[in-house]
Amino acid sequence: MEVVIVAGPDQAGELVGGAVAALVSTKPDAVLGLATGSTPLAVYRDLARRHGAGELSLARARAFLLDEYVGLPTGHPQSYRSFIAHELEAHVDFASAAVQGPDVHADDLLAACDAYEAAIRAAGGVDLQLLGIGTDGHIGFNEPGSSLASRTRIKTLTDQTRRDNARFFATLDEVPRHVVTQGVGTILEARHLVLLASGAAKAGAVAAAVEGPVTAMVPGSALQLHPHATVVVDEPAASRLRLAGYYRETWSHKPPWQGL
Ligand code: F6R
């Protein structure tokens with residue numbers, strides 16, 4: 001695992017946006033895995049800027065959402081499908097239907113979860129998966145206790161996650177209790193995992209995921225099992241990392257050709 005400590009979200013966005021651009025320049029039909037929430041916004045802004053500057057085209061790329069709320073009507077502004085449409089798709093040139101999320105309106109949700117797994121497989125798997133991390137250590141919406149082998153399925157959000165996400169809704173009661181999320185096992189099949197975190201509220205979760213034991217109680221710790229995992233954190237989010245000095249030293253001496 002590589003840990004990169006950056007000054008703030010803008011630097012994280014530029015670094016990770018650069019990794020996406022580098023991937024797409026060698027593989028124009030790359031498959032991206034998209035996270036939602038506050039953290040990846042800097043990356044999406046960077047991708048929009050690169051596209052606007054004529055440096056990046058996602059016209060042949062495809063993308064899969066990590067997760068989606070269950071119970072919000074189609075088109076609800078806080079649905080993750082709407083979030084990605086507004087924050088990313090509106091600013092780049094994905095082909096229509098190139099971005100998919102799990103069908104949370106299907107009569108048979110279990111079948112829809114299986115179909116989502118099949119769609120990811122049929123696309124050749126995810127090349128680069130963006131991830132945030134919850135204050136309770138979740139990735140996707142794999143809450144503590146999620147099997148490290150789990151697949152796309154329905155999960156119940158913890159109270160902590162619902163409270164964390166209440167800032168996007170008028171009241172806590174409006175935050176859905178259920179989601180469909182790619183499983184930890186699904187996420188681990190992506191070829192490159194890039195987890196971003198910013199702010200002191202994430203410091204405990206980042207330290208547990210990066211330097212703690214691999215445990216289902218901290219789903220983010222599953223990144224330790226992955227052969228190509230990159231963790232990009234700002235100073236406050238890195239503040240509880242024991243090896244922060246080593247990560248800085250490693251990054252500052254990394255040969256530029258190596259990329260993320
Ligand atoms: C969202 C997702 C979640 C978030 C996490 C952090 O698609 O999968 O794991 O990444 O809850 O959310 P923010 O970035 O809003 O702090």
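Position 1 is the first residue of the sequence; numbering continues from there. Read the numbers this way: they start at 1 and go in the same order the structure lists the ligands and their atoms.
The nearest heavy-atom contact from the protein to atom 10 (O) of ligand 1 is G132 CA, 3.3 Å. For atom 12 (O) of ligand 1, the nearest non-hydrogen atom of the protein is K202 NZ, 4.2 Å. Protein heavy atom in closest approach to atom 2 (C) of ligand 1: D67 OD2, 3.2 Å.
The heavy atom nearest to atom 6 (C) of ligand 1, out of those in I187, L195, I133, D164, is found in I133. Which of G140, A35, S38 comes nearest to atom 3 (C) of ligand 1 through a heavy atom is settled by distance: it is G140.
With hydrogens and angles left out, the side-chain atoms of S57 and R50 include no donor and acceptor closer than 3.5 Å. A donor-acceptor contact under 3.5 angstrom links the side chains of R167 and S38, judged on distance only. There is a side-chain donor-acceptor pair under 3.5 Å between T161 and E143.
The aromatic ring centres of Y69 and F169 sit less than 6.0 Å apart. Ring to ring, Y116 and F64 are close: their centroids are under 6.0 angstrom apart. Aromatic rings of H138 and F141 (six-membered ring for Trp) have centroids within the 6.0 Å cut-off, being under it.
Remark: ligand 1 atoms within the under-4.0 Å shell around heavy atoms of T39 are 13 (P), 14 (O), 16 (O). Ligand-side atoms of ligand 1 in range of L66: 8 (O), range being under 4.0 angstrom from any heavy atom. Heavy-atom contacts of G37 reach the following atoms of ligand 1: 14 (O), 15 (O) (cutoff under 4.0 Å).
Between T36 and ligand 1, a contact under 3.5 Å exists for at least one N or O pair. Considering backbone and side-chain atoms together, H138 places an N or O closer than 3.5 Å to an N or O of ligand 1. Remark: ligand 1 and I139 share no N or O pair separated by less than 3.5 Å (distance only, no angle test).
Legend: ring pair (Phe, Tyr, Trp, His ring centres under 6.0 Å) pairs involving residues 142-163, not counting sequence neighbours: none detected.
Minimum heavy-atom separation, C113 to T152: CB-O, 3.4 Å.
R167 counts as a contact of ligand 1, since one of its heavy atoms falls under 4.0 Å from the ligand.
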